[in-house]
Amino acid sequence: MRPKPRPAAEKPLLSQAGNPYPPGLEPVVIDFTPLPGVPLERMWPRPLDPDPPPPDRAGMVAFDTYLYEADPDVPHLTLWLERQRPDESDERYAHYRADLEHHFHVHAVALKIVQRLATVSGSCASCREHACRRQGRCVGVRDTGRFDLPFVLYPPCVPLDLEIMETFRQAVGRLLDEWEREEAARAAQPPPAGVKEATSECRSPG
């Protein structure tokens, strides 16, 4: 059954799965009505399993140390890599690891933004994570051994609910667009008077 349309001015407080939308963020409503003759499990988007089965990590190795990406200001995600094959050169495996480290690092940066949104919106107020309650802000991180990487974008206080997740994802996109515009505006500004002259007079030590 298709959900009843809401008045244009009315914003939903709960997702269709019954989870509260984060205050201050624009709620996203997704139409989950299956197409005629198409089973719901073949639809995208579709409701998510709130307790999904863990990813298959058989034959993979977990690393808590990054060789190519090291940023102490972002949450740390355990890195999962395939084992090096006997016929694979060290150089090729190093490229593979660098790519995967960058991929995990990008997700960690996005997670940090979601953590800040969860803190500002108050979504983490009732979080069961001891570290979040102790620090008074969202610092929760999902276990990459237990959850696929796309789910790790969202801290434990964010339910695996497509409408809530999409609400956060779109808010992150708007923030990044705003920061990009601000950065472009700063880059377009002429440097303050005297900066070039002061720079040209700098000499290397000795």
- Note on the structure: Looking only at heavy atoms, the pair that brings Arg92 and Ser89 closest together is N-OG, 3.1 Å
- Arg116 CZ: over 12 foreign heavy atoms closer than 6.0 Å: no
- Message: Run Cys138 and Cys157 through side chain to side chain contact (heavy atoms under 4.5 Å, CB included) and show every step you take.
- Response: CA-CA 8 Å; Cys138 179; Cys157 62; 4.0 Å; yes
- Do the side chain of Asp148 and the main chain of Pro150 share a donor and acceptor less than 3.5 angstrom apart? no
- Query: Should Tyr154 and Leu175 be regarded as members of a common hydrophobic cluster, given that ILVMFWY residues are connected when their side-chain heavy atoms come within less than 4.5 Å of each other, either directly or indirectly?
  - Reply: yes
- Item | Worked verdict on Arg146 versus Asp51 for salt bridge (charged side-chain N to carboxylate O under 4.0 Å, His left out) | CA-CA 10 Å; Arg146 177 69 182 81; Asp51 187 24; 2.8 Å; yes
- Query: Given side chains that start at C-beta, do those of Leu48 and Met165 come closer than 4.5 Å, heavy atoms only?
  - Reply: yes
- Message: Is there a continuous path of hydrophobic side-chain contacts, each under 4.5 Å between heavy atoms, that joins Val109 to Leu176?
- Response: no
- Is a side-chain N or O of Glu88 found less than 3.5 angstrom from the main chain of Arg85, in a donor-acceptor match? yes
- Task: Sorted by first residue and then second, give each ring-ring contact (aromatic ring centres under 6.0 Å, His included) pair with at least one member in residues 107-152; sequence neighbours left out.
- Result: His103-His107
- Query: Is Arg57 reaching over with its side chain to a backbone N or O of Thr144, donor-acceptor style, under 3.5 angstrom?
  - Reply: yes
- Message: For the backbone of Pro27 and the side chain of Thr167, can you confirm whether one donor and one acceptor N or O come within less than 3.5 Å of each other?
- Response: no
- Task: Could you check if a side-chain atom of Pro155 sits within less than 4.5 angstrom of a side-chain atom of Leu111, using non-hydrogen atoms only?
- Result: yes
- Could you grab the distance from atom CG of Leu79 to atom NE2 of His105, nearest 0.5 Å is fine? 12.5 Å
- Task: Group every Ile, Leu, Val, Met, Phe, Trp and Tyr by side-chain heavy-atom contacts under 4.5 Å, then state whether Val172 and Trp179 land in the same group.
- Result: yes
- Item | Glu182, CD: over 12 other non-hydrogen atoms inside 6.0 angstrom | yes
- Item | Closest non-hydrogen atom pair between Val29 and Pro12, with its separation | CG2-CG, 3.7 Å
- Is Lys112 salt-bridged to Asp71, going by a charged N under 4.0 Å from an acidic O? no
- Val120 with Ile164, same ILVMFWY side-chain cluster at under 4.5 Å: no
- Item | Arg186 CZ: over 12 foreign heavy atoms closer than 6.0 Å | yes
- Message: With salt bridge (Lys or Arg N to Asp or Glu O under 4.0 Å) as the rule and sequence neighbours excluded, what pairs involving residues 149-178 come up?
- Response: Glu166-Arg169
- Task: Give the minimum heavy-atom separation between Ser121 and Pro23, together with the two atoms involved.
- Result: CB-O, 3.1 Å
- Item | Separation between CD of Gln115 and SG of Cys132, rounded to the nearest 0.5 Å | 7.5 Å
- Message: Within the structure provided, determine whether Leu100 and Tyr96 are in side-chain contact (heavy-atom separation under 4.5 Å).
- Response: yes
- Task: Quickly, which of Leu81, Asp99, Val152, Leu77 forms a side-chain contact (heavy atoms from CB on, under 4.5 Å) with Phe104? Name it, please.
- Result: Leu77
- Atom pair CG/CG of Leu162 and Asn19 - distance to nearest 0.5 Å: 11.0 Å
- Do the non-hydrogen side-chain atoms of Pro75 and Val139 ever get within less than 4.5 Å of each other? no
- Item | Cluster link Phe32 to Leu160, ILVMFWY, side chain under 4.5 Å | yes
- Query: Looking only at atom types and distance, does a side-chain atom of Glu129 sit under 3.5 Å from a main-chain N or O of Pro156, one as donor and one as acceptor?
  - Reply: no
- Task: Measure the shortest side-chain to side-chain distance between Phe168 and Leu25 over non-hydrogen atoms and say whether it is less than 4.5 angstrom.
- Result: yes
- Message: Would the distance check show the side chain of Thr78 and the main-chain N or O of Asp64 forming a donor-acceptor pair, the cut-off being under 3.5 Å?
- Response: no
- Among residues two or more places apart or on two chains, list those pairs meeting ring-ring contact (aromatic ring centres under 6.0 Å, His included) that have a residue in residues 47-74. Tyr66-His76
- Query: Any sub-3.5 Å donor-acceptor pair from Arg142's side-chain atoms to Leu153's backbone N or O?
  - Reply: no
- Query: Is a side-chain donor or acceptor of Glu101 paired with a backbone partner of Glu69 at a separation under 3.5 angstrom?
  - Reply: yes
